[in-house]
Structures are given as C-alpha cells and as structure tokens.
Amino acid sequence: MSQNVRVLAARSCFDVVDQGMSLSEVLPKSQALLDNALDKALLQEICFGVMRYLPQLEAVCNQLMSKPLVKQLRPLQFLLYVGIYQLKFMRIPDHAAISETVEAARELKGQSLTKLINGVLRNVQRQPALFDFDNAPDAVQHNHPGWLITKLRQAYPNQWQQILLANQQKAPLWLRVNSNKLSPTDYAAALTRAGIEYSRPIADLPAAIKLTQAQDVTSLPGYAEGWFSVQDAAAQYAAYLLQVDNHHRVLDACCAPGGKTCHILELAPDAELTALDKEPKRLVRVHDNLFRLGLKANVIAADAAVPDNWWQGKLFDRILLDVPCSAIGVIRRHPDIRWLRKKADIAPLCELQQRILQQCWQLLAPGGILLYATCSILPDENGAQIATFLQQNSDARLDELPQHTTQENGWQLLPGEHDMDGFFYARLLKIATNSETT
Ligand SMILES: C[S@@+](CC[C@H](N)C(=O)[O-])C[C@H]1O[C@@H](n2cnc3c(N)ncnc32)[C@H](O)[C@@H]1O
C-alpha cells in the first residue's frame, strides 16, 4: 500500500538536516514507497521546497511555539515545516494542506500534538505577516547558512544577492543530444513531433536543448536508443574546451557518473579514453551510460592522486579533472547542499583538489591540455587553486578562453547565467621545456 506523502516528506527532510544524508540518497527510497507518479512528484516538490526555505520555516515556527520539538519528536518538527511550506508556497487548498498534515502527525505517532500542529498551521494561514523577514538576519532573509553568505559576499560583492536568489530557483532540464547518433536539429524535430516544448538558447553549445517543462526523461523520444543525455549546459562546455581528437590518449580522472566521459567520446569516438574514479560504486553508472550511448572507455576504480597505483607509464594528450568539490554552484539543483556542506569541509577539499591537480599534471604530455573543472563558485576551489598551481609549475600556462581573461585564473560561470549551473573551468597548457624540444 502507498504511504502518506507528508509523512515521507517529514522523515526525508529530518534525514537530511538532522542525520546528514543527501536528498539524492533519501528521496528515491521514499519515492519507491509511493504508487503513483503524481505523489512522487509532490514528495519531491515538498522536500526541495523545505530545503530551499528552511530558515524561514524555522523562523515562523519560532514565532508560534515556545520551543521547537526535540529528540524523538524531531520528525514532527519537520512535519510542521512541510505543512507551512504547502500553505505558503504551494497551490494546495489550505484546508487540504492542514487536514493532510494533521493526519500525517497521527501516523508519525504525534497523536498528542495534533492540536498544536493544527493551531500553528491555522495561525500561518491567518497571519501573512509571519513571513515578513525584511529585518531578519541575512541567513533567514536569504535562506542560506551564514558562513556561505559571508564567503559569497566577499567573493562577489556586487552579485552575491543575485547568486542567492538564483539558488532559490528551480533548475531547468537540459539535454545534450548525442551527435554520434543524430544531429541536434533532428532531435529537436523529434521533440516537436512529440509535442514537447524546448529551446536551444546557447549558440556555442550546439547539442544543448532546454526543455520548457521538466519531465520523466525515460519517456522522451530516443531515451533507450541513447539519442540524448541529461546534462546541465554549463557542464557541456567541458568536452569542447578539452579539444579532443580521435587520435588522442585521454584521461578523465574523476569521471563518475560519466556525463563528461560520454560527451568526450560522442565528439571523438575513437579516442583512447581512460575513465577513472575512486568510488567503485559510482562507476556502475559510468558503465550504464557508456552502454546506453554505445561508447567505449577503459574504466578503472583508482585514486587520481596516487598514479603509481594505476598509471601504465604512457603520457596523456588530454586530461579532464572534474575534481570533487563543494558543489556550491549547483545548489538550485540540489537545494540540500547548503545544509550538508559545512565551512570546515572547504579546506580539506581544496587540499585534495590541489593534490589531484599536481599529480595528474605529471601524466600530461608536453603540448597537452589539462582542463580543471568544478561545480563550485568559491574562489578557494577555483581561481586560487590555479594561481597556486601556476606558481609551482613553470611548465604550465593558463590558456585564455574566449569567455574570460587570464587575470581571473579561469572562467567562472555563476548559477542562473543563461539558466545554467555555477561552474568553473581553467584550461592549462603544458609547455615543452628546452630539454624536450632540443
Ligand atoms: C564532480 S564529480 C565528477 C562528475 C563527472 N565528471 C561527470 O561529468 O559525470 C567528482 C568525482 O570525483 C570522484 N573522486 C573523488 N576523489 C577522487 C580521487 N582521489 N580520485 C578519483 N576520483 C575521485 C568522486 O567519486 C566523484 O565521482
């Protein structure tokens, strides 16, 4: 039997915020307990919404309750957020939102709290001023943790508010047409025939198609045939910037789930590509994607920062380092990231990124290209990494891309720019040293 959507939403949000699990881990398990697609979509919308507005939902509760529910009652505190989110941000009729939430409280063993929950929700319904946060602390006004707001403010004194606002938006569904199988124009025609609205708004990304409305991708034309992949437009720049030819030996050192690996091979199917990732479990998705799209790579589970354990001794012509990062650039797509990521996570991540970069640089042939990429917008993980690296490696030169100047040490895309995710790219060229040229 299908379970109660609000109960699942409250439990899922509790698992993320209090237990530190990611929504992409928790949500599919909760959705599997629901019978129909509408309920699954409703569950997702509520969980994403609670993540997006958590500080304001907490602040409203604080105004209406003497203290938050604690210990074994914590899931019921999240149920209150679920109820308030529906009343404030969704088009569910108020009476249904309230009665369904109170019913869910019973299922969460909150029989004795149904009066309280009903009372809080009725107050929210009656008092719109509870959501007046003009004079509230930044964290509540902007629905982000204070440490992150401070960092973004320092890095982007003129754009930080715009970035925070972009993080509150729903991310669009971008597709990348597999040009190995059919042209983007032919795929666009197939979408039109299927009555699916789309646009192709980015001139220098020919295979990028933005759907006007999100939908189940498995029901789009050509899913099983491998005609397209789901990939944000910002991530679609990687394969082009890497400039791979069919005769190149390529390393994709942090490859899972394989979005960029597959794009590289779509553009250069005969390139000899080694796809590496430290997490064997994540490599299953790489194999699946390669299979669905009809592509081939040498897939290895190994640590990119320790090449002695896996490198076969032949230099690579091209290296993609899509390094592990804070993912602060993709908060609109993964709204829970802002609560899962802690300030203390950033320094160890930067240390790992620099280690991977320094080690993989040794594997690049003179004249070769290394593309450093993150889905972060924090300068510590991006431009500052490249500055440090360039200081320490005289055989490296930062290539100026059409999109940026070398002064910025790379190309920083901010979330929401052309409706894309936040992303960073730096293209490094390996200069042939004198001893190699003579
Ligand atoms: C940003 S994701 C890569 C996304 C991928 N390039 C794509 O486009 O689908 C970063 C990946 O780095 C992997 N990773 C983390 N530390 C690593 C290491 N030391 N060596 C290799 N891979 C690592 C993670 O498991 C994760 O899959």
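Please read all numbers here as calculations on a predicted model, not as lab measurements.
The nearest pair of heavy atoms linking W361 to A396 is CZ2-CB, 3.4 Å. Summarising the geometry of S30 relative to S12, their closest heavy-atom pair is OG-OG, 2.9 Å, with the distance given to 0.1 Å. Scanning both residues, P221 and Y187, for their nearest heavy atoms gives O-OH, 2.8 Å. In terms of heavy atoms, Q243 sits closest to I369 at OE1-CD1, 3.4 Å. Among all heavy-atom pairs drawn from A166 and P415, the shortest one is CB-O, 3.4 Å. The minimum heavy-atom distance linking N289 with C262 is given by the pair CB-SG, 3.8 Å.
Atom CG in L79 sits 13.0 Å away from atom CZ in F14 (nearest 0.5 Å). Rounded to the nearest 0.5 angstrom, L80 CG and L57 CG are separated by 10.0 Å. Residue H263 holds its NE2 atom at 11.0 Å from CG of L242, rounded to the nearest 0.5 Å. Between the CZ atom in R11 and the SG atom in C47 there is a gap of 12.5 Å [rounded to 0.5 Å]. One finds the CD1 atom of I356 at 10.0 Å from the CD atom of E351 (value rounded to the nearest 0.5 Å). In this structure, Q385 CD and Q358 CD are separated by 9.5 Å, a value rounded to the nearest 0.5 Å.
Cation-pi geometry between K210 and Y198 is not met: the NZ or CZ atom fails to fall both under 6.0 Å from the ring centre and inside 45° of the normal. Judged by the 6.0 Å and 45° rule, R249 forms a cation-pi pair with F316.
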Please report the C-alpha distance between L276 and C255 in whole Å, then the side-chain angles of each, then the deciding distance to 0.1 Å, and finally whether the side-chain contact (heavy atoms from CB on, under 4.5 Å) criterion is met. CA-CA 6 Å; L276 199 85; C255 72; 5.6 Å; no
side-chain contact (heavy atoms from CB on, under 4.5 Å) between W147 and K342, intermediate numbers included: CA-CA 8 Å; W147 71 269; K342 306 294 175 211; 5.5 Å; no
Criterion salt bridge (Lys or Arg N to Asp or Glu O under 4.0 Å) on D380 and K151, from CA distance to verdict: CA-CA 10 Å; D380 294 353; K151 269 195 178 292; 3.2 Å; yes
Report the C-alpha separation of F228 and L191 in whole Å, then their side-chain angles, then the decisive distance to 0.1 Å, and conclude whether the side-chain contact (heavy atoms from CB on, under 4.5 Å) test is met. CA-CA 11 Å; F228 69 89; L191 288 177; over 6 Å; no
Step by step, would you call D252 with K260 a salt bridge (Lys or Arg N to Asp or Glu O under 4.0 Å)? CA-CA 8 Å; D252 183 353; K260 299 180 190 73; over 6 Å; no
Show your working on side-chain contact (heavy atoms from CB on, under 4.5 Å) between L220 and W227 and close with a plain yes or no. CA-CA 10 Å; L220 291 173; W227 286 2; over 6 Å; no
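One N or O on the side chain of Y156 and one on the backbone of I377 form a donor-acceptor pair closer than 3.5 Å. Put simply, the side chain of S183 never gets that close to the backbone of S179: no donor and acceptor are under 3.5 Å apart.
Checked by atom type, the side-chain pair Q353/T374 shows no donor-acceptor distance below 3.5 Å. For the residue pair R153/Q161, the side-chain donor-acceptor check at 3.5 Å is not satisfied. Side-chain polar atoms of Q412 and N382 form a donor-acceptor pair below 3.5 angstrom.
A salt bridge links E45 to K170: one of the charged nitrogens lies within less than 4.0 Å of a carboxylate oxygen. With respect to the salt-bridge test (charged N to carboxylate O, under 4.0 angstrom), the residues D232 and R332 qualify. With respect to the salt-bridge test (charged N to carboxylate O, under 4.0 angstrom), the residues K40 and D35 do not qualify.
You'll find the side chain of R52 reaches within 4.5 Å of the side chain of R338, heavy atoms only. The shortest distance between side-chain heavy atoms of V323 and L357 does not fall below 4.5 Å.
Separation of the Y372 and Y425 ring centroids does not fall under the 6.0 Å cut-off. For an aromatic pair to be called close, the ring centres must be under 6.0 Å apart, and W411 with Y237 satisfies this.
With sequence neighbours excluded, no residue satisfies side-chain hydrogen bond (donor to acceptor under 3.5 Å, both in side chains) with R282. By the side-chain hydrogen bond (donor to acceptor under 3.5 Å, both in side chains) test, R176 is found to be paired with S229, Q231, E266, residues two or more places apart in sequence or in another chain being considered.
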